[in-house]
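Only one structure is covered here, and it is reproduced in the block below.
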Protein chains: 2
Amino acid sequence: MLVEQKVTRRPLEQELISRGVRMTAQRRLLVEIIQSAEGHLDALDLWERARKHDSTLNKVTVYRTLNMLKKHGLVDELDLLHMRSGRHFYEARTMRDHIHLACLRCGRIQEFESSLFEKLKGQIERERRFRIQVVRVEAGGLCDKCQE
Amino acid sequence: MLVEQKVTRRPLEQELISRGVRMTAQRRLLVEIIQSAEGHLDALDLWERARKHDSTLNKVTVYRTLNMLKKHGLVDELDLLHMRSGRHFYEARTMRDHIHLACLRCGRIQEFESSLFEKLKGQIERERRFRIQVVRVEAGGLCDKCQE
DNA sequence: GTACTTGCAAAGATTTTGCTTCCAA
DNA sequence: TTGGAAGCAAAATCTTTGCAAGTAC
């Protein structure tokens, strides 16, 4: 079985440049934060982190950059089962789709990869002749630590 | 293989009464609309339909009722890949989980059930010792009709 | 009767838009 | 140089909250 680590296609900045997107200092900063983030950030998290490096960076620029990245399919937008109502979380798109497991008690987010998931996607594409571009799977429940 | 139709556990109103939830005319109306809706409604759709029967029903009551149903796990809250940014869609919870296929060109939403999906949930529960309470799968792409 | 629910108005939270100035290519 | 991007302020959306009045059980 092919086991691949969580690997982005290539650095987001490279990807953007090759697509003819104009690189500004703000975009470089935001993209760097998204890429190196361990967890899932929402727009405000991202803004707060960015402001530590560039205190003049505007919140609107964060939203516009996220929209640009979404349009290019370079980030995934999650809402993690609306645990924090209304907020959207972002992560750099990886080579391999993964499932998000959100513990509804402690809030921990785990990621899960599975060849069954890949098979399921194949089944959808075949049986419905549906060309999948993005998939999002979010499961909510109790993680192992919260079941004691 | 067990093939089950899309069947709700039992009428939502019954379910609510048995749980000791106070039934008002407003709740009866909203619950009836949710249950008999063919598609996926957002809060405003729901409000508009409800107002045709009770023009005094307030939008806030819609939000409060949806929150109550969510808390009881009787509706699922979807965002259908943020096709309409910010909006949440609701559907009565059915016995069997299903996958939503959202065509990013024409906007059509299809539903898909699969035993592979059930297996995948089993795998998550076993391998991560994660007790799943809700699952949401949304795939975005091109439906058969939009691929010509 | 009493606790829960509704309507109304107002506030909150998140995201988008208009417009001017600035800057990457 | 020039079209695209950023900053700022304001608007647009969607959702929640506080409180008085009404109602289910």
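Chain naming here is simple, since letters A, B, ... match the order of the sequence lines and numbering starts at 1 in each.
Among residue pairs with one or both ends in residues 130-140 of chain A, those qualifying as salt bridge (charged side-chain N to carboxylate O under 4.0 Å, His left out) are Asp79(A)-Arg136(A), Arg136(A)-Glu138(A), Arg136(A)-Asp79(B), Arg136(A)-Glu138(B), Glu138(A)-Arg136(B); sequence neighbours excluded. Applying the salt bridge (charged side-chain N to carboxylate O under 4.0 Å, His left out) rule to pairs touching residues 39-50 of chain B yields Glu38(B)-Arg49(B), Asp42(B)-Arg87(B), sequence neighbours excluded.
Of all nucleotides in DNA chain D, those with any atom nearer than 4.0 Å to a heavy atom of chain A start and finish, going 5' to 3', at dG3(D) to dT16(D).
Taking 4.0 angstrom as the limit, His88(A) places none of its side-chain polar atoms (N or O) nearer than this to OP1 or OP2 of dT14(C).
Residue Gln123(A) is tested with Glu125(A), Lys119(A), Glu127(A) for a side chain to side chain donor-acceptor pair (under 3.5 Å); the sole match is Glu127(A).
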Indicate every side-chain donor-acceptor pair of residues 58-66 of chain B with a distance under 3.5 Å to a residue at least two apart or in another chain.
unit_1, atom_1, unit_2, atom_2, d
Asn58(B), OD1, Val60(B), N, 2.8
Thr65(B), OG1, Thr61(B), O, 2.7

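Hydrophobic side-chain contacts under 4.5 Å tie Val134(B) into a cluster, directly or through other members, with Leu81(A). Hydrophobic cluster membership of Val135(B), counting Ile, Leu, Val, Met, Phe, Trp and Tyr whose side-chain heavy atoms lie under 4.5 Å apart directly or via other members: Ile99(A), Leu101(A), Phe112(A), Leu116(A), Phe117(A), Leu120(A), Ile124(A), Phe130(A), Ile132(A), Val135(A), Val137(A), Ile99(B), Leu101(B), Phe112(B), Leu116(B), Phe117(B), Leu120(B), Ile124(B), Phe130(B), Ile132(B), Val137(B).
Nearest-nucleotide positions on DNA chain D for Ala43(B) and Lys59(A) put Lys59(A) closer to the 5' end. Heavy-atom nearest nucleotides on DNA chain C were determined for Val21(B) and for Ile17(A), and the one closer to the 5' end corresponds to Val21(B).
In this view, Arg51(A) satisfies the side chain to side chain donor-acceptor pair (under 3.5 Å) rule with no residue, not counting sequence neighbours. With sequence neighbours excluded, no residue forms a side chain to side chain donor-acceptor pair (under 3.5 Å) with Arg129(A). Listed by chain and number, the residues in a side chain to side chain donor-acceptor pair (under 3.5 Å) with Glu32(B) amount to none (sequence neighbours excluded). Not counting sequence neighbours, the partners of His100(A) by the ring pair (Phe, Tyr, Trp, His ring centres under 6.0 Å) test are His40(A), His98(A).
Rounded to 10 degrees, the angle separating the terminal helix axes of the helix from dG1(C)-dC25(D) to dA25(C)-dT1(D), each built from five base pairs, is 50°.
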Please tabulate, one pair per line, each protein N/O and nucleotide N/O from nucleotides 20-24 of chain C that are separated by under 3.5 Å, including the distance.
unit_1, atom_1, unit_2, atom_2, d
dA24(C), O3', Met23(A), O, 3.4

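When distances run from any side-chain atom of Arg64(A) to the nucleotides dT17(C), dT6(C), dT15(C), the shortest one goes to dT17(C).
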